[in-house]
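First the proteins, then the strands, lettered A, B, ... as listed; each starts at 1.
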There are 2 protein chains.
Amino acid sequence: MKIDPENPADLSAQIAAAIRDAIVDGTLIVDERLPSEAELAEQFAVSRPTVREALKRLAAQSLIRTQRGATGGAFVNRLSFEAAQPQQITTSTLLLSMNAVSFETACEARYALERACAPLSAERRTADHLATMRAEIHRQGHPGLTDEAFCASDVAFHRALVDGAGNPVLSYQLAGAVEAMQPLMNMITFTARSRGKIIELHTSITDALERQNAAATQSALTALETETQSLAQSVFAERAKKPG
Amino acid sequence: MKIDPENPADLSAQIAAAIRDAIVDGTLIVDERLPSEAELAEQFAVSRPTVREALKRLAAQSLIRTQRGATGGAFVNRLSFEAAQPQQITTSTLLLSMNAVSFETACEARYALERACAPLSAERRTADHLATMRAEIHRQGHPGLTDEAFCASDVAFHRALVDGAGNPVLSYQLAGAVEAMQPLMNMITFTARSRGKIIELHTSITDALERQNAAATQSALTALETETQSLAQSVFAERAKKPG
DNA sequence: GATTTCTAATTGTCTGGCATTTGATTGGCA
DNA sequence: TGCCAATCAAATGCCAGACAATTAGAAATC
């Protein structure tokens, strides 16, 4: 673990990179304790605040955790899917909002990915997954539901669908795509009629999964994508007509 | 932007979260300059090192960039897909290696996601994408190629396939899944015979894409998945027989 | 008017110190 | 001997102040 002493700027970034590399290539293993801040400062020939800045960078990526006290210190974190997901969602959300990604593009990606889960989910979904999906469908039918709550329930429905595939890697990747869409979906006003259509399609998806019919699940998802796209298009067209 | 003064621990994390929230909800917009470190320290009633630790956390996530000098400071970064991808790949790689995800599970997720790109890629792939894929296939046929270089070429091939879909959201999500598999793939020894089979399947994939035949692309991908899985299984079985 | 120099603002880093937390040690007491 | 409380030591969390390096703009000079 070495840093470049020639370049006196960005010392904390260099130190963070050195430690990160050591974690990635296995030099530092899970739950291993890093040297204390004072020792690291000595090793890298920098001051303690600089070391601390480096450690905070790593902590921001959940690569390490710190613990105070006599046996405390910085420990290599076991990066869990649960810990990585919130950050993945934040990043995906910002990517969409800051890069002028069209609703169409985001929606296309999301449904393409969900269709990828469909065959696995049709095979492996448990009664629990189906129950969650039906519960969300039921909630979506409630008349007093705000648009935002409707979207949140939609996300919960789709996450259950994805989790039904029983593949944590898929669930992790899809969480970003599905949740990041929520701010975009929240821009849509859902009329009673469009809600009814969506609920109908959610029901066909759930039915198809229950019958373990992968093809039917995929075509229902495609229908839902088409419906969502045209709904968004009409909302945006309406908004363009009367600005303000 | 407020922090909880009651809880004296984790001040830098609280400040980082406050600023991150301001960026996510649009209070701070792209390229906007944050107050100087001294001003932030005053606002949050903490010291400058604490503010700096918070800023480093945000810099680690590419949410801000800093610039020295008279008109310098911390600026909200436009989070680009290019900047987010390396971190997404690092995270995905660590998730696989630290969570004992089986080769089977990771492989299944990867090919499910790639199949999701196939229809779009069949529709939109350019001559450039096809040329890249054929070039990688050609490289893979070179006899002197190390296993590691073969894997790297494999990754390049699949990334071209994914990029062919012309959807940056898909490319971003898939990059994590594809690249993170590389360390797992590197554990496999590729015989001349297995390389030949893979090259053959890569060729059918490229041919199907060239003919814009989505179904053929998907079934070729499925065949490649089956081949990869059985290859891995035999390698691991062999390794289990004679340990060391 | 162009070039050079100066200046002010800002981040990057260091030194030194104190507060807080927490496990380990040690001493006292039953 | 066994248990419990007080103490201790190590480590992180935080702070104050200072200096160095960089950079843009202003001022001075040719």
### Query
Are B:Glu53 and B:Lys56 close enough for a salt bridge, meaning some N to O gap below 4.0 Å?
no
### Message
Looking at A:Arg65, I want to see if its CZ is surrounded by more than 12 non-hydrogen atoms of other residues, nucleotides or ligands under 6.0 Å.
### Response
yes
### Task
Give the rounded distance in Å between these two atoms: CD of A:Gln67 and P of C:dT21.
14 Å
### Message
Is it true that, when you exclude A:Glu32 itself, more than 12 heavy atoms of the residues, nucleotides or ligands shown sit nearer than 6.0 Å to its CD?
### Response
yes
### Query
Just checking, any donor-acceptor pair under 3.5 angstrom between side chains of A:Asp25 and A:Thr27?
yes
### Task
Can you tell me the distance, in whole Å, between the CG atom of B:Leu40 and the P atom of C:dG12?
13 Å
### Message
Of the listed nucleotides (C:dT10, D:dT12, C:dG12), which one gets closest to any side-chain atom of B:Ser36?
### Response
C:dT10
### Task
With heavy atoms under 4.0 Å as the rule, sort A:Arg33 into base, sugar-phosphate or nothing.
sugar-phosphate
### Message
Measure CD1/A:Ile64 against P/D:dA11 and give the value in whole Å, please.
### Response
16 Å
### Query
How do B:Ala70 and A:Ala70 order along DNA chain D: which one's closest nucleotide is nearer the 5' end?
A:Ala70
### Query
Which whole-number value in Å describes the distance from B:Leu58 CG to C:dT11 P?
14 Å
### Message
Can you tell whether the side chains of A:Glu179 and A:Arg159 come within less than 4.0 Å, N to carboxylate O?
### Response
yes
### Summary
With sugar-phosphate taken as primed atoms, P, OP1 and OP2 and all else as base, the protein-contact string of nucleotides 14-19 of chain C at under 4.0 Å (heavy atoms; B, S, -) is BB-B--
## Note on the structure
Separation of C:dT10 atom C1' from B:Arg65 atom CZ, nearest Å, is 15 Å
#### Entry: Ionic contact status for A:Arg110 with A:Glu225, cut-off 4.0 Å
no
### Query
Can you check whether A:Thr66 has a side-chain N or O nearer than 4.0 Å to OP1 or OP2 of D:dG13?
yes
### Interatomic distance where CG belongs to B:Leu34 and P belongs to C:dT11 [whole Å]
9 Å
### Query
Separation of A:Arg57 atom CZ from C:dG12 atom P, in whole Å?
9 Å
### Query
Between the side chains of B:Thr93 and B:Thr90, is a donor N or O closer than 3.5 angstrom to an acceptor N or O?
no
### Query
D:dC14 P sits how many Å from A:Glu37 CD, rounded?
11 Å
